[in-house]
Amino acid sequence: MTTFLIIDDHPLFREALGNAVRLAHPDARILEAMSIAEALHILTSEESIDLALLDLSLPDAAGFSGFLRLRETYPRLPVAIVSSEEDQNVVHEALSLGAAGYLPKSTSKRELAASIGRVLSGSISVPRDFIAAPNAGDKKTLEARLRELTPQQTRVLDLMRRGFQNKQIALELQLAESTVKAHVTEILRKLRLYSRNKAVIEIGKIDLPAPRQRQSRIDHG
DNA sequence: CGCGGGCCGTTTCAGGATAA
DNA sequence: TTATCCTGAAACGGCCCGCG
């Protein structure tokens, strides 16, 4: 069963969002919070929430502060932002901070349901008229994220980029295939990319730092 | 056309080794 | 001691392909 957490201080919006969610998932379990504090409280006892829908303006949060507090405590919780703010810069910032989607409040119930479906399936949902970021910014953030990878993850990514499949990567690095799979998952998470092919394409656009040879754990670098 | 099997990719969980 | 990294097993879903 799919569980949603709706964080909004306006009862009417909560109800509307709930209806949109049920349109896509009739048997969804829907939890409601009126503030970040209440959301955090709910999250302490509810470990399996599939998607949080967050209003940016709450009694105890302005701008992205509430989103960041959620993210800090529950980094793996997918959070889609629901807001009446449709400024492209705001949308942009939301996505760069790691929001799973951005749903303008002007969206119809039907579109909202479709967006929720997209987010749950792992892609990012953005307003229809949203224009993707220019390459420069993307490249910078991607390079920054690349630096978060561990050496082993960098090696796996390098082979991924060259078109190796998991089994081949495992053979090349002398690992079990399952280990490679785990690395791939972590790589995609760190790079905030949502499919292996996407990662290969995106990484192909920039230069990957050459993976270092494996050596002893004592690194005098 | 629908169904089942196999392959692939993703995710989660758990355990050991090591660094702080 | 706690946190991080690496590793592996297992379950799940999507896709394709052969079969009836």
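Every chain is numbered from 1, with letters handed out A, B, ... down the list of sequences.
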Here the distance between atom C1' of dC5(C) and atom CD1 of I187(A), to the nearest Å, is 13 Å
Hits for side-chain contact (heavy atoms from CB on, under 4.5 Å) against A33(A), two or more places apart or cross-chain, chain-then-number order -> L5(A), I7(A), E38(A), A39(A), I42(A)
All stems that DNA chain C takes part in, i.e. 3 or more consecutive Watson-Crick or G-U pairs with distances under 3.5 Å, are B:1-20 with C:1-20
Atom CD of E186(A) and atom C1' of dT12(B) are separated, to the nearest Å, by 12 Å
Checklist entry - Do any N or O atoms from the side chain of D60(A) and from the backbone of I36(A) form a donor-acceptor pair under 3.5 angstrom? => result yes
Rounded to whole Å, the CD-C1' distance (Q152(A) to dT18(B)) equals 15 Å
Could you list, one pair per line, each protein nitrogen or oxygen that sits under 3.5 Å from a nitrogen or oxygen of nucleotides 12-16 of chain C, together with the distance?
none

Between CZ of R155(A) and C1' of dC6(C) the distance, given in whole Å, is 11 Å
Problem - Side-chain heavy atoms of I49(A) within contact of L31(A), under 4.5 Å - result: yes
One should read off an interatomic distance between T154(A) OG1 and I187(A) CD1, to the nearest 0.5 angstrom, of 7.5 Å
In this structure, CD of Q153(A) is separated from CD of E186(A) (nearest 0.5 Å) by 5.5 Å
Applied to residues 12-25 of chain A, the salt bridge (Lys or Arg N to Asp or Glu O under 4.0 Å) test, sequence neighbours excluded, yields R14(A)-E32(A)
Using nucleotides 8-11 of chain C, report all nitrogen or oxygen pairs with the protein that are shorter than 3.5 Å.
unit_1: dG8(C); atom_1: OP2; unit_2: A176(A); atom_2: N; d: 2.6
unit_1: dG8(C); atom_1: OP2; unit_2: T179(A); atom_2: OG1; d: 2.8
unit_1: dA9(C); atom_1: N7; unit_2: S178(A); atom_2: OG; d: 3.2

Interatomic distance, CG@L40(A) vs CZ@R69(A), rounded to 0.5 Å, equals 6.0 Å
- Message: Any non-hydrogen side-chain atom of I6(A) less than 4.5 Å from a side-chain atom of V82(A)?
- Response: no
Sorted by chain and number, sequence neighbours left out, side-chain contact (heavy atoms from CB on, under 4.5 Å) with D9(A) holds for D55(A), L58(A), P59(A)
query = Between D50(A) (side chain) and T3(A) (backbone), is there a donor-acceptor pair under 3.5 Å?
reply = yes
